[in-house]
Peer 1: 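Can you keep this structure in mind? I'll have questions shortly.
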Amino acid sequence: MSRNNRSVRIVFRILAAYILFQFFWWAFHIIQLHGEIRDMQLALAQSQETAELIRSTYTKKVWMVIGEGLVFVGLLLFGLWRIGTYLRKEAELARKERNFMLAVTHELKTPIATLRLFLDTLRTRDLPKEKSQDILSNSLNETHRLDHLVENILLSTRLENDDDLVKQRVDLSALLEKVGYNLAQLDGDMHKVTLDIDEKVAAFCDGNKMESVFINLIENALKYSPEGAEVTVSLKTNPQEVVVAVQDQGAGIPEEERERIFSKFYRIGNEDTRRSKGTGLGLYLVDRIINQHNGRIHIADRDGGGTIFTVAIPKI
């Protein structure tokens, strides 16, 4: 939490405590004043009947003060709770945005520095053709990373502005096969990517956004799987839905984190110590796009370790 946020919360708590203290202090004085007036009236009472009337009136006023006070305190505590919740959310959002900026800075600087080094090498050295091809291939991989990062940021902005779906009949089998093949090529020999895709599976959906869903799910699986592990991507269909499942062999996702990972900018851990690449936008985009398609997302543990992400959207 930043120093400014911490100061605001401390001031808020002091003011809340002061308001509550002042309320109880004035309530005490009001009841005490009523008691003094009652004692004076009792001293001047001419009969027992008058004294009983004074005591009854005093009791009613005390209970009226207590009742109104409880309503006021209840409303005050509710208001303070809502304000406190808002401040906590603002602090959490500020933390996530800070992590996001750190991640974006790192994600932009790394491929740019790598591309600069590759291009400078090609410009200043006379390399064998095979070595030049390797450098060009790596350069293309880095440009893909930049393109994917920019596309995620732009898509996130469009979704925040309630970007409408552009639905048409899309061959999801061909689309997922293309995405899986391209990512496997970019990954090189780091992982084994296995595709289990039924042929000619189509749905009425937004093809560009579904491509983003496939890219983010598969990249997420590759990112969190150890080197040499297998990532399995499947596409199946039933009478109502198209179902895509991506299985990795990573460390898994704790049960308490499974709802939070779809929040914007959210990533497990702290950006200063986290080693894995990413900005916290990928799974947020997956969740928003699948919800736009009236679909569903399910997370399950994989036998032998890892996670299975399953997304399903209606065919129509």
Peer 1: Show your working on side chain to side chain contact (heavy atoms under 4.5 Å, CB included) between Arg296 and Val311 and close with a plain yes or no.
Peer 2: CA-CA 6 Å; Arg296 56 187 176 86; Val311 298; over 6 Å; no
Peer 1: Does the distance from a Lys or Arg side-chain N to an Asp or Glu carboxylate O, for Lys167 and Asp206, drop under 4.0 Å?
Peer 2: no
Peer 1: Quick one: does Thr237's side chain have a donor or acceptor within less than 3.5 Å of a partner on Val201's backbone?
Peer 2: no
Peer 1: Within the 4.5 Å heavy-atom criterion, are Leu285 and Val213 side-chain neighbours or not?
Peer 2: no
Peer 1: Roughly how far apart are Asp187 CG and Leu222 CG, rounded to 0.5 Å?
Peer 2: 5.0 Å
Peer 1: For residues Val246 and Ala221, report the shortest heavy-atom separation together with the two atoms involved.
Peer 2: CG1-CB, 3.7 Å
Peer 1: Between Ile215 and Phe262, is there a shared hydrophobic cluster once you connect ILVMFWY residues whose side-chain heavy atoms come closer than 4.5 Å?
Peer 2: yes
Peer 1: Do we see a donor-acceptor contact under 3.5 Å between the side chains of Lys315 and Gln240?
Peer 2: no
Peer 1: Answer whether the closest heavy-atom distance between the side chains of Ile313 and Cys205 falls below 4.5 Å.
Peer 2: yes
Peer 1: Under 4.5 Å between any side-chain heavy atoms of Val170 and Gln168, yes or no?
Peer 2: yes
Peer 1: May I ask you to decide whether Arg125 forms a salt bridge with Asp120, counting only side-chain N to carboxylate O separations under 4.0 Å?
Peer 2: no
Peer 1: Between Gln247 and Glu230, is a side chain to side chain contact (heavy atoms under 4.5 Å, CB included) present by the stated rule, with each step listed?
Peer 2: CA-CA 8 Å; Gln247 304 183 38; Glu230 181 181 21; over 6 Å; no
Peer 1: Between Asp287 (side chain only) and Leu283 (backbone N and O only), is there a donor and an acceptor less than 3.5 Å apart?
Peer 2: no
Peer 1: Any heavy-atom pair between the side chains of Leu165 and Ile289 that's under 4.5 Å?
Peer 2: no
Peer 1: When you measure from the side chain of His191 to the backbone of Ser225, do you find a donor-acceptor pair of N or O atoms at a distance under 3.5 Å?
Peer 2: yes
Peer 1: More than 12 heavy atoms of other residues, nucleotides or ligands under 6.0 Å from CG of Asp303: yes or no?
Peer 2: no
Peer 1: Is there a side-chain contact between Lys200 and Leu172, using heavy atoms and a 4.5 Å cut-off?
Peer 2: no
Peer 1: When you measure from the side chain of Ser234 to the backbone of Asp196, do you find a donor-acceptor pair of N or O atoms at a distance under 3.5 Å?
Peer 2: no
Peer 1: Determine whether Ile297 and Thr310 satisfy the following criterion, side chain to side chain contact (heavy atoms under 4.5 Å, CB included), listing intermediate values before the conclusion.
Peer 2: CA-CA 6 Å; Ile297 302 176; Thr310 303; over 6 Å; no
Peer 1: Counting C-beta onward and ignoring hydrogens, is there a side-chain heavy-atom pair between Thr194 and Val231 closer than 4.5 Å?
Peer 2: no
Peer 1: Got a sec: does the CD of Glu177 have more than 12 other heavy atoms crowding it under 6.0 Å?
Peer 2: no
Peer 1: Can you name the closest pair of heavy atoms from Ala202 and Val242 and give their distance?
Peer 2: O-CG2, 4.0 Å
Peer 1: Treat each ILVMFWY residue as a node, draw an edge where side-chain heavy atoms are under 4.5 Å apart, and state whether Ile308 and Val193 are in one component.
Peer 2: no
Peer 1: Please examine the side chains of Leu176 and Ile218, heavy atoms only from C-beta on, and report whether any two atoms are closer than 4.5 Å.
Peer 2: yes
Peer 1: Do Arg258 and Asp301 sit within salt-bridge range, that is, some charged N less than 4.0 Å from a carboxylate O?
Peer 2: yes
Peer 1: Looking only at heavy atoms, what is the nearest atom pair of Val243 and Ala312, with distance?
Peer 2: CG2-CB, 4.0 Å
Peer 1: Ignoring hydrogens and geometry, is there a side-chain-to-backbone donor-acceptor pair from Asn216 to Ser212 under 3.5 Å?
Peer 2: yes
Peer 1: Decide yes or no for Glu130 and Gln133: does some side-chain heavy atom of the first lie under 4.5 Å from some side-chain heavy atom of the second?
Peer 2: no
Peer 1: Taking all non-hydrogen atoms of both residues into account, name the closest pair between Ala203 and Pro314 and its distance.
Peer 2: CB-O, 4.1 Å
